Amino acid sequence: MATPSKDYDFSAIEPKWQDYWAQNTTYEARDFVDNPTFYVLDMFPYPSGAGLHIGHPEGYTASDALKRFKKAQGYNVLHPMGWDAFGLPTEQYAIKTGTHPAITTKQNVANFTKQLTDLGFTYDWNREVNTTDPSYFKWTQWIFMQLFKKGLAYVEEKPVWFCPDLGTVLANEEVNMTAEGPRSDRGDFPVERRPIRQWVLRITEYAERLIAGLKDLDWPDSTKRLQENWIGRSEGGEITFDIAGHEAQLTVFTTRPDTLYGATYMVIAPEHPLVAKLTTPEQQAAIAAYQEKAKSKSDLERAELSKEKSGFWTGAYAINPVNGKEIPIWVADYVLMTYGTGAIMAVPAHDTRDFEFAKEFDLEIIQVIDDNDSAEKDAEGGLKEAYTGPGSLINSGEQSGKDSESAKKAVIEQLAADNRGKATVNFKLRDWLFSRQRYWGEPFPIVWVNEADYAKADDSLKSVERPVTCEMDGETWFALALPETELPLELPAVESYTPSPDGQSPLSKAGDWLHVYVDPKTGETSTEAKDDWLRGMRETNTMPQWAGSCWYYLRYIDPKNTDALIDPAKEKYWGTPDLYIGGAEHAVLHLLYARFWHHVLYDLGVVSDPEPFKKLFHQGIILGEDGEKMSKSRGNVVNPDVIIKDYGADALRLYLMFLGPLEAMKPWNTKGIEGIARFLRKVWRLIVAEDGSVHTKIGATDTLDPETARVLHATIKKVTEDYTALGFNTAISQMMICINQLSKAEALPKQAVESFLQLLAPLAPHQAEELWERLGHSSSIALSGWPKHDESKLVQDTVKIIFQVNGKYRGDAELPADVSKDDAIAAAKAHERVQSFVDGKTIKKEIYVPGKIVNIVAI
RNA sequence: GCCUGAGUGGCGGAAUGGUAGACGCUGGGGAUUUAAAAUCCCUUGCCAGUAAUGGCGUGAGGGUUCGAGUCCCUCCUCAGGUACCA
């Protein structure tokens, strides 16, 4: 059965072993066996028409190698793969060609599967998932239903980013600010603001837990920080101001209640509901024009346009609750309606933005925190810039003298007694815009009915605590969730995948699907009218691509379950992934959304741990040979298929891992892969003689010479450690050192060579299997276990001791490994060159680092 | 501006506070070959020197230490993220 070839012919060897692993289900994960489990998860790809990018195999090689390593160590390893297949490009292609996205998806998946197989990745394809498969998205819809019933979903008409070219709404995160204005992240088309009916998920209700949960995760620190900043927790207080001559009050959020005495004016956002009420007739025209201007800008644009402060006085005054001071209320767009309460108390002395605004409009600046002379002052002693640091309070009535930290509490307590303030926590995080006006996404399992019908429907179909309503054509509609028996709700066939010009989903044109009758008791639906059934209309929005990727790692554990999202016993057996490998571009969105859903599923009792990804690793980006990001337009894209054809999958896998640390961004270098190819040929020649038989020097002896044994055991040790820590580049270096050493030996015990192959197998599995077979084994190297190093083989009789004088190398000597301090120092002093540097000087100190260094300090 | 990272030969990169440059690529020289591929050997941080050897050297400047690429402080550059978040 062995390939007769005497040469290392990867093009014959690699398919042979890929078939072998598939047929023997070598890497199948088995539920409930006694071995310890190890679940290694890759971020599943979007199966685009372009095929695999070189970035995919980088992370996937690491996980495949780790999987094989863990398997060899006796773990029951789960390493699955699937497809994040809903998405815009497929839909765009459908619009252009009329091909149903499901057909395109199927083709792309087939292509991706082949490419992954060619790379020698042995995923457990029994567990393959596809987000567009109804048996999968049934459960995506089911999760949404739970969110809906828990009151975590609502509908709102919001001005959202709309991209006319893509014909869809985009989330804030999918829009980039550029010099040419706001543009879509995908495709780089211009986008604008439009009010559209949207589903929104209350991720903000989990903000506190999402922050707190980060603490114990083994994630890159930078990623944790990114999520922290994104959620943006700030502690502070809300303070309520009376308005002179008005019933209404204004509540502000501030992180600096301690500076309240320094509040010299207030600012409300142009969109603030009280603007019209507060504006005096004289100011009316100016304010209205300003509001109009602000409306045309978005939050992002406001930030992008010059930071010059603009605004107008409303003509009204607020009353500072601590000292009764009347302060003017301004409207300015540097205050955002979407953060805090949309209103602020301005303390120009201690806030940079307020300071700039006050300077611009000549407003009063009162310093209330002592800067201890650390801030720059003008001739009159006024601040030249805001002092934002801590200090003790001045000009602050009864609070004067306190330090700013304790004053924060004191001021809030003082106000609380009067019901004018309370301590609060504010978040930057906003609720998650969860709908798209697209065809190729999960339909919402929602039917809209009128108010009278809603009253007739069973509570089990409702969000009881927080009914969800929307306005359509001047009527109020109420949302009912479909029962589990109605799932999956599949996509209807449509004639055109193009959204309507007003931005509504293509589903809004699927008449037969759109209009349904609902059984008020069970939620069962029918296209036919029935007695007492409610007449309803299906939701036409679809879910964003994030929906399917929010929970796929759970489905791998129990992919074929038709009765539940996941069997609790299997969930407990496998737990959450032990390692999650994927790009840092998902540091915020995917990883935050998935954590949110997982927390909700935890609350529902579906999973037994609140956090889904305990350990996360980001592989770096591979740049083109020119050191620039790979892109078609640059022409520096490396195609994995071509590399496999020229050098083989093993060489590509090894080289991807040898380029540098897995997490680093590093340039590709086609010349460099030659070195790896050379290494693989060397391994081959060590075992296969010129006539194609096993080399006669293998097994010609039972013992290794001490030096070769030392190198081999050092290699076993280092490779084992490095694989565990994903330090593949240094593991490969060590294996190169080892093969160079083994090649020198005249005779080798068979076992030494086998140990080496076992180390190599995770990264170059095809060649390792082939050579393993040629050494006479009939079963896979995957089942052969993992070598253990023998510490005693690492011990050397003599060690090289470095001699330094004043910290500089001046010589060395081989000394007995157990040489005493005195003997080592004596040996150093006896050394000719050391003497020449010590001569005529006084020895101040002698240091001996056992087994390493003697340092003589002489002046 | 703020938050992360990162700056080491011609290049990718190694170095629990202990000989900086492992391993690989590239370059130079040689062996083998009719020739080529493949393979093998020597060499390859900079400066001086035939050499032995000496001096310099991890973005810059300080500091701690017997000893610093590694720890501390200040600064510079680059990459990624984020931005009027009160």
Side-chain angles (χ1 to χ4, degrees), chain A residues 7 177 220-226 228-230 232-234 236 252-256 259 267 269 299-300 302-309 332-336 338-347 350-354 356-357 426-430 584-585 587-588 620-621 623 625 627 629 654-655 658-661 663-679 681-682 685 727 729-738 740 743 800-812 833 836 844-858:
Chain A
D7 296 323
M177 281 310 304
D221 223 41
S222 55
T223 304
K224 284 200 203 182
R225 206 53 77 83
L226 230 50
E228 249 172 57
N229 291 344
W230 191 266
R233 185 182 193 278
S234 342
V252 303
F253 171 74
T254 179
T255 54
R256 297 292 304 271
T259 63
V267 183
D299 295 356
L300 285 170
R302 284 198 210 169
E304 173 62 21
L305 294 171
S306 71
K307 306 256 174 181
E308 269 170 42
K309 299 285 182 288
D333 68 1
Y334 81 92
V335 171
L336 309 175
T338 46
Y339 184 78
T341 62
I344 62 158
M345 64 177 211
V347 185
H350 305 293
D351 181 279
T352 321
R353 295 148 304 173
D354 297 344
E356 283 170 22
F357 193 82
N426 219 314
F427 294 94
K428 268 200 264 188
L429 184 70
R430 315 215 183 133
E585 67 274 17
V588 177
I621 295 170
L623 304 171
E625 264 182 291
K629 236 178 178 167
L654 274 168
Y655 187 56
F658 187 61
L659 275 173
E663 68 275 20
M665 180 187 281
K666 54 224 169 230
W668 176 266
N669 176 0
T670 300
K671 280 256 172 66
I673 201 172
E674 296 282 0
I676 289 293
R678 219 164 278 159
F679 165 69
R681 284 194 293 265
K682 215 172 210 175
R685 282 199 319 274
N729 55 332
T730 46
I732 296 166
S733 297
Q734 184 63 40
M735 287 192 282
M736 286 172 167
I737 293 169
C738 188
N740 289 342
S743 301
K800 190 183 188 182
I801 303 290
I802 307 302
F803 300 149
Q804 295 182 337
V805 178
N806 295 333
K808 284 212 161 109
Y809 171 82
R810 297 301 175 192
D812 57 63
R833 274 164 61 203
S836 70
K844 291 271 182 194
K845 204 167 181 180
E846 294 161 342
I847 293 141
Y848 175 57
V849 182
K852 283 186 178 149
I853 270 183
V854 173
N855 189 13
I856 295 170
V857 184

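Chain letters run A, B, ... following the sequence lines, proteins first and then strands; every chain starts at 1. Bear in mind that the values here come from a model prediction, so they are computed numbers and not experimental data.
Across all strands shown, G54(B) pairs with C47(B); the Watson-Crick or G-U wobble distances both stay below 3.5 Å. Nucleotide G7(B) forms a Watson-Crick or G-U wobble pair with C76(B), both donor-acceptor distances falling under 3.5 Å. Under the Watson-Crick or G-U wobble criterion, with both distances below 3.5 Å, C40(B) is paired with G30(B). With a cut-off of 3.5 Å on both Watson-Crick or G-U wobble distances, the partner of A35(B) is given as none. If you check U82(B) for Watson-Crick or wobble pairing at under 3.5 angstrom, you find it paired to G1(B).
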Please write out each protein N/O paired with an N/O of nucleotides 44-46 of chain B under 3.5 Å, distance rounded to 0.1 Å.
none

Identify each atom pair where a protein N or O and an N or O of nucleotides 78-80 of chain B are less than 3.5 Å apart, giving names and distance.
none

Just the table, please: protein N/O against nucleotides 20-22 of chain B N/O, every pair under 3.5 Å.
| unit_1 | atom_1 | unit_2 | atom_2 | d |
| --- | --- | --- | --- | --- |
| A22(B) | N1 | Ser733(A) | OG | 3.4 |

Protein-nucleic acid N or O pairs under 3.5 Å, nucleotides 38-40 of chain B:
| unit_1 | atom_1 | unit_2 | atom_2 | d |
| --- | --- | --- | --- | --- |
| U39(B) | OP1 | Arg681(A) | NE | 3.4 |
| U39(B) | OP1 | Arg681(A) | NH2 | 3.2 |
| U39(B) | O3' | Arg685(A) | NH2 | 3.4 |

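Taking atom P on both U44(B) and C66(B), the two are 35 Å apart, rounded to the nearest angstrom. For the P atoms, the distance linking U65(B) with G81(B) amounts to 42 Å, nearest Å. Rounded to the nearest Å, the gap between the P atom of G30(B) and that of A36(B) is 13 Å. Taking the C1' atom of each, G28(B) and G10(B) are spaced 13 Å apart, rounded to whole Å. If you take atom C1' in G63(B) and the same atom in G55(B), they sit 25 Å apart, rounded to whole Å. Only the C1' atoms considered, U8(B) is 11 Å distant from A15(B), to the nearest whole Å. C25(B) and G9(B): their C1' atoms are spaced 13 Å apart (whole Å). Atom name C1', nucleotides G12(B) and G1(B): the rounded distance is 35 Å, in whole Å.
You'll find that the side chain of Asp351(A) is closest to A86(B), out of A86(B), G18(B), G24(B).
Residues forming a salt bridge (charged side-chain N to carboxylate O under 4.0 Å, His left out) with Lys666(A) (at least two apart in sequence, or on another chain): Glu58(A).
Note on Arg810(A): only backbone sugar-phosphate atoms sit closer than 4.0 angstrom, heavy atoms only; bases stay farther off. Looking at heavy-atom distances under 4.0 Å, Ser234(A) makes contact with sugar-phosphate atoms alone, never a base. Residue contacts shown for Asn855(A) include a base, since a base heavy atom lies under 4.0 Å away. When heavy atoms are screened at a 4.0 angstrom cut-off, Val857(A) is found touching the sugar-phosphate backbone but no base atom. Across all strands, Pro220(A) comes closer than 4.0 Å to no nucleic acid atom at all (heavy-atom distances).
Between Ile853(A) atom CD1 and U65(B) atom C1' there is a gap of 14 Å when expressed in whole angstrom units. The interatomic distance linking Arg225(A) (CZ) with G5(B) (P) rounds to 7 Å, in whole Å. The interatomic distance linking Arg256(A) (CZ) with A86(B) (P) rounds to 11 Å, in whole Å. Following rounding to the nearest Å, Phe253(A) (CZ) and C84(B) (P) show an atom-to-atom distance of 16 Å. If you measure from atom CZ of Arg833(A) to atom P of U19(B), you get 15 Å, rounded to the nearest angstrom. The distance from atom NZ of Lys666(A) to atom C1' of C11(B) is 16 Å, rounded to the nearest whole Å. The interatomic distance linking Glu663(A) (CD) with A14(B) (C1') rounds to 14 Å, in whole Å. Distance Tyr848(A) OH to U19(B) P: 14 Å, rounded to the nearest Å.
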For this session: Kindly determine whether Lys428(A) and Trp230(A) satisfy side chain to side chain contact (heavy atoms under 4.5 Å, CB included), including the steps that lead there.
Result: CA-CA 7 Å; Lys428(A) 268 200 264 188; Trp230(A) 191 266; over 6 Å; no
For this session: Under the side chain to side chain contact (heavy atoms under 4.5 Å, CB included) rule, what do Arg430(A) and Thr338(A) come out as? Steps first, then yes or no, please.
Result: CA-CA 8 Å; Arg430(A) 315 215 183 133; Thr338(A) 46; 3.5 Å; yes
For this session: Could you go through the side chain to side chain contact (heavy atoms under 4.5 Å, CB included) check for Glu846(A) and Val857(A) one step at a time?
Result: CA-CA 6 Å; Glu846(A) 294 161 342; Val857(A) 184; over 6 Å; no
Problem set entry | Candidate pair Tyr655(A) and Asn669(A), rule side chain to side chain contact (heavy atoms under 4.5 Å, CB included), full reasoning | CA-CA 10 Å; Tyr655(A) 187 56; Asn669(A) 176 0; 3.6 Å; yes
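You'll find a donor-acceptor pair under 3.5 Å spanning the side chain of Lys800(A) and the base of U19(B), going by distance alone. Side chain Lys428(A) to base U82(B): no donor-acceptor pair is found below 3.5 Å. You won't find any donor-acceptor pair under 3.5 Å spanning the side chain of Lys671(A) and the base of C11(B), going by distance alone.
Relative to the six-membered ring of Phe357(A), Lys309(A) misses at least one condition, a distance below 6.0 Å or an angle of at most 45° to the axis.
Pairing each heavy atom of Pro667(A) with each of Gly627(A), the nearest pair is CB-CA, 4.2 Å. When every heavy atom of Ala269(A) is checked against every heavy atom of Leu336(A), the shortest pair comes out as CB-C, 4.0 Å. Closest approach of Tyr339(A) to Asn426(A), counting heavy atoms only: OH-CB, 3.9 Å. When all heavy atoms of Thr259(A) and His350(A) are compared, the closest pair comes out as CG2-CB, 4.1 Å. Nearest heavy-atom pair across Arg833(A) and Arg810(A) is CB-O, 3.4 Å. Residues Gly340(A) and Phe253(A) come closest through the heavy atom pair CA-CB, 4.2 Å.
Remark on RNA chain B: of its neighbouring residues Lys845(A) and Ile344(A), the 5'-side contact belongs to Lys845(A), judged by nearest-heavy-atom nucleotide. The nearest heavy atom of RNA chain B to Leu659(A) and to Asp354(A) marks one nucleotide each, and the one closer to the 5' end goes with Leu659(A).
Here the side chain of Gln804(A) pairs no donor or acceptor atom with the backbone of Ile853(A) at under 3.5 angstrom.
Counting only heavy atoms from C-beta outward, the side chains of Ile344(A) and Asp354(A) approach each other to under 4.5 Å.
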Let me have the donor-acceptor pairs involving side chains of residues 729-736 of chain A, under 3.5 Å, with sequence neighbours excluded, atom names and distances please.
| unit_1 | atom_1 | unit_2 | atom_2 | d |
| --- | --- | --- | --- | --- |
| Thr730(A) | OG1 | Asp722(A) | OD2 | 2.9 |
| Thr730(A) | OG1 | Gly727(A) | O | 3.1 |
| Ser733(A) | OG | Asn729(A) | O | 3.2 |
| Gln734(A) | NE2 | Thr715(A) | OG1 | 3.0 |

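Side-chain atoms of Lys682(A) and Asn740(A) include a donor-acceptor pair closer than 3.5 Å.
Taking the O4'-C1'-N9-C4 or O4'-C1'-N1-C2 dihedral as appropriate, G28(B) has a value more than 90° from 0 and is therefore anti.
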